[in-house]
Amino acid sequence: MKRLLILGAALAAHFVTPALAEEPTKLLNASYDVSRELFVVENEAFIKQHPGVTIDQAHAGTSKQARSILEGLEADVVTFNQTTDIEFLAKNGFVAKDWAKAFPNNASPFYSFPSFLVRTGNPKNIKDWADLARDDVHAVFPNPKTSGNARYTYLAAYAWAKEAYEGDEAKIAAYITKIFDNVPVFDTGGRASTTTFVERETGDVLITFEAETRSIVRQYGADKVESVIPSVSLLAEFPVAVVDKVAEKHGTEALAKTYLDFLYTEEGQRIAAEFGHRVRNEKVAGEFKDKFPAIRLVNVDDVFGGWSKIQSEHFASGGVLDTLYGSR
């Protein structure tokens, strides 16, 4: 009997050990275009706490990323900058329909808003959204058809115009059209627009997330570029989600959730703040309070009636954006 028990234990070890050895330790995070540096550091910090884990990254405009996932990009998690792109994945069965409830703050660990980056000394004296429609100002931002970053720019400018022109749709349309006319080149994503503005020295002002403007100043130096905070902007949340369909296939559900949970920890929040994001954790936000200028932020629910309405009225085929953007 004793020999049988020993044999049974040996057989159990034989079958259990390989299973443990094959426990998933690799994730692919599909993220937005200008988040490369942020997630290099976030991933390093996460891996220190979880030795043996590998986090691979894929970066592009989030609308492009969402389509790529439908076409076969096997991302276990997404860290996007636009809610509608996660909703798109949810509608196609890749993400749970209640994904926004899976993590705190509507599954948005940090936030930012469209802001301005100008040449040092601000030679064109660009201070607010009205300046983008001046004849002598050429703004740089990516194609809103392919970039979530640019869609926020479009919406923020539209929100400002709704206030400035008291809801006069003809004046709003003329203002947005003028901004589009002033853009010298529409790149496909935010990082390409940064290159166009900073390295190719094209345009007078770059419109991108505040987090990106702070990163650019840090990278290229205050002697070359400087940040300008407009009077008002649009709250830009950065939603995250487990791509359930892929994670279930890979067996990475638990690891994927643990990874996204890390972004909410004090360490994860501190890293995000160091890279220019405004964070939800009150303790960490307090540590960085002096580094973030005050700004009035409006949100899509109050100005536009929510993302569903924005999608149908502005971003759907034949919508407002199609009409104003035209065939550029």
Side-chain angles (χ1 to χ4, degrees), residues 30-40 57-69 71 73 78-82 84-85 88 112-119 124 126 129 131-134 137-158 176-220 224-228 230 233-234 236 238 275-276 314-315 319-328:
S31 195
Y32 53 99
D33 193 46
V34 296
S35 67
R36 291 171 174 80
E37 292 79 10
L38 168 64
F39 281 104
V40 165
Q57 290 290 137
H59 295 278
T62 60
S63 295
K64 182 178 180 180
Q65 292 283 58
R67 290 192 298 271
S68 294
I69 290 170
E71 293 167 0
L73 178 65
V78 291
T79 53
F80 279 179
N81 59 19
Q82 189 169 263
T84 51
D85 291 323
F88 174 74
S112 193
F113 54 85
S115 188
F116 303 164
L117 188 79
V118 299
R119 313 290 175 193
K124 292 291 183 75
I126 298 165
W129 295 98
D131 295 316
L132 303 187
R134 284 165 34 194
V137 171
H138 294 92
V140 175
F141 56 88
N143 186 341
K145 296 289 189 73
T146 59
S147 167
N149 185 327
R151 288 189 177 194
Y152 269 111
T153 292
Y154 161 78
L155 291 173
Y158 205 102
I176 298 294
T177 300
K178 179 60 175 175
I179 293 177
F180 284 155
D181 288 343
N182 285 351
V183 176
V185 58
F186 284 103
D187 296 299
T188 58
R191 185 49 54 89
S193 286
T194 296
T195 299
T196 294
F197 179 74
V198 181
E199 297 185 7
R200 297 176 185 165
E201 298 186 343
T202 299
D204 304 300
V205 54
L206 174 70
I207 319 297
T208 187
F209 295 123
E210 179 201 33
E212 176 72 353
T213 68
R214 294 170 65 89
S215 175
I216 296 168
V217 172
R218 185 169 58 249
Q219 179 181 354
Y220 290 93
K224 190 166 186 177
V225 289
E226 65 183 64
S227 176
V228 173
S233 195
L234 188 76
F238 292 76
F275 276 86
H314 286 265
F315 298 151
V320 177
L321 176 60
D322 267 359
T323 301
L324 299 181
Y325 187 78
S327 58
R328 290 175 177 80

Worksheet item: With side chains defined as the heavy atoms from C-beta onward, is the minimum distance between I126 and V228 less than 4.5 Å?
Response: no

Worksheet, complete the sentence: Residues passing the side chain to side chain donor-acceptor pair (under 3.5 Å) test with H59, sequence neighbours excluded, are S35, Q57

Discussion item. For T188, is there any backbone N or O sitting under 3.5 Å from a side-chain donor or acceptor partner on N143?
Written reply: no

Discussion item. For the CZ atom of R328 and the OG1 atom of T177, what is their distance to the nearest 0.5 Å?
Written reply: 6.5 Å

Worksheet item: Stepwise, does the side chain to side chain donor-acceptor pair (under 3.5 Å) test hold for Y154 with H314?
Response: CA-CA 10 Å; Y154 161 78; H314 286 265; 2.6 Å; yes

Worksheet item: So do D33 and R191 actually touch side chain to side chain, heavy atoms under 4.5 Å?
Response: yes

Worksheet item: Side chains of V198 and K224: does their closest heavy-atom pair fall under 4.5 Å?
Response: yes

Worksheet entry | Candidate pair E212 and T194, rule side chain to side chain donor-acceptor pair (under 3.5 Å), full reasoning | CA-CA 9 Å; E212 176 72 353; T194 296; 3.1 Å; yes

Discussion item. Using only atom types and a distance under 3.5 Å, with no angle test, would you say the side chain of N149 pairs donor to acceptor with the backbone of G189?
Written reply: no

Fill in: Heavy-atom side-chain proximity of L73 to Q65 below 4.5 angstrom
yes

Worksheet item: Any donor-acceptor pair under 3.5 Å linking the side chain of T196 with the backbone of A192?
Response: yes

Practice prompt. Name the orientation class of the two ring planes belonging to F238 and Y32 (parallel below 30°, tilted from 30 to 60°, perpendicular beyond 60°).
Written response: tilted

Worksheet item: Would you say S233's side chain and P114's backbone share a donor-acceptor pair under 3.5 angstrom?
Response: yes

Practice prompt. May I ask you to test the V40-F275 pair for a side-chain heavy-atom distance under 4.5 Å?
Written response: no

Discussion item. F141 and side-chain contact (heavy atoms from CB on, under 4.5 Å): which single residue from V205, T208, L206, V183 fits?
Written reply: V183

